[in-house]
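The block underneath contains the structure these notes are about, expressed in structure tokens.
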Amino acid sequence: MNIKEALRIYFIMGSNNCGHHEPLDVLKQAIDGGITMFQFREKGSGALIGEAKKQFARDCFRLCKQANVPFIVNDDVDLAIEIGADGVHVGQDDLDAGIVRQKLGQDKIIGVSSHTLQESKAAIEAGADYIGMGPVYATTTKLDTNPVAGTTAIQETREHFPQFPIVAIGGLQADNFTPAIEAGADGISIISAIASVPNPKEATEKLVSTMKEVINDA
Ligand SMILES: Cc1ncsc1CCOP(=O)(O)O
Ligand SMILES: C=C1C=NC(C)=NC1=N
Ligand SMILES: [Mg+2]
């Protein structure tokens with residue numbers, strides 16, 4: 001699969017991000033709306049744990065599999081291996097990407113969060129398949145984010161790594177994500193603009209159509 005195309009509309013969700021609908025219904029609507037990749041990110045207040053978390057992951061994975069949407073697990077490498085996920089996303093304070101690669105093997109997708117050119121360099125050298133950079137704008141979805149970064153770090157990494165897959169994240173909406181693409185991101189990662197709105201399918205369709213205007217092959 002073409003990782004840059006998979007990064008176009010990269011939906012991230014946990015059960016506690018869902019405002020108006022049951023989590024699986026939100027995911028179904030997002031898939032129907034045209035998301036290109038999904039990240040299972042079950043963490044924070046009220047997140048499921050243990051068997052309930054595992055079962056929720058399996059249910060989400062089944063929906064993604066049926067729609068050929070790549071399924072990525074946030075942080076939890078063991079869960080990813082146990083259910084046969086398509087990959088893992090780790091932050092700077094999680095397992096090193098090199099170790100994740102040893103555990104997952106070459107044919108899985110490994111994403112790493114990066115906030116600086118230095119962190120991008122390290123992630124690329126460690127064998128990451130993409131980097132997630134932000135927060136581009138303020139967000140209340142993740143409470144311990146780094147300071148709002150704008151698009152400077154994306155631009156800097158893009159200048160040093162003209163072809164490496166980058167996805168932007170943080171406070172992104174249909175009416176504000178274009179600068180991140182213009183700075184060099186290949187796609188956008190979204191939580192609340194899809195998960196916590198009354199009509200997730202419509203919100204996703206709007207993101208997809210806007211992305212098509214910005215990237216003509218989207
Ligand atoms: C996981 C994460 N990492 C940086 S910002 C963020 C939260 C993004 O959520 P939203 O799309 O609702 O701003
Ligand atoms: C923090 C993150 C940054 N980027 C991506 C793609 N996912 C995350 N969970
Ligand atoms: Mg993490």
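- Around NZ of K28, the count of heavy atoms belonging to other residues, nucleotides or ligands within 6.0 Å does not exceed 12.
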List the steps, then state whether side chain to side chain donor-acceptor pair (under 3.5 Å) holds for S189 with Q39. CA-CA 9 Å; S189 292; Q39 182 182 132; 5.9 Å; no
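- Heavy atoms of other residues, nucleotides or ligands lying less than 6.0 angstrom from CD of Q55 number more than 12.
- Listed here is the closest heavy atom pair of A47 and N16: N-ND2, 4.2 Å.
- Evaluation of the ring-ring contact (aromatic ring centres under 6.0 Å, His included) test over residues 171-201, restricted to residues two or more places apart or in two chains, returns none.
- Other residues, nucleotides and ligands contribute at most 12 non-hydrogen atoms within 6.0 Å of the NZ atom of K206.
- Scanning all heavy atoms of the two residues, the minimum distance from R8 to M211 falls at O-CE, 3.4 Å.
- Looking at every heavy atom in both residues, I83 comes nearest to A57 through CD1-CB, 3.9 Å.
- Within a 6.0 Å radius of CD in E51, more than 12 heavy atoms belonging to other residues, nucleotides or ligands are found.
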Hey, mind stepping through M133 and T152 against side chain to side chain contact (heavy atoms under 4.5 Å, CB included) and telling me if it holds? CA-CA 10 Å; M133 300 193 79; T152 313; over 6 Å; no
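- Counting non-hydrogen atoms of other residues, nucleotides and ligands closer than 6.0 Å to NZ of K43 gives a total above 12.
- Ionic pairing of D78 and K54 is not present here: no N-O contact between side-chain nitrogen and carboxylate oxygen is shorter than 4.0 angstrom.
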Start with the C-alpha distance between D32 and E205, add both sets of side-chain angles, then the distance that settles side chain to side chain contact (heavy atoms under 4.5 Å, CB included), and finish with yes or no. CA-CA 9 Å; D32 293 346; E205 288 169 339; over 6 Å; no
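- Classified by interplanar angle (parallel below 30°, tilted 30° to 60°, perpendicular above 60°), the ring pair Y130/Y10 is perpendicular.
- Taking CD of Q29 as the reference point, atom SG of C18 lies at 10.5 Å (rounded to 0.5 Å).
- Within 6.0 Å of atom CD in E159, more than 12 heavy atoms from other residues, nucleotides or ligands are found, so the atom counts as buried in its surroundings.
- For F56 and F40, the distance between ring centers is under 6.0 angstrom.
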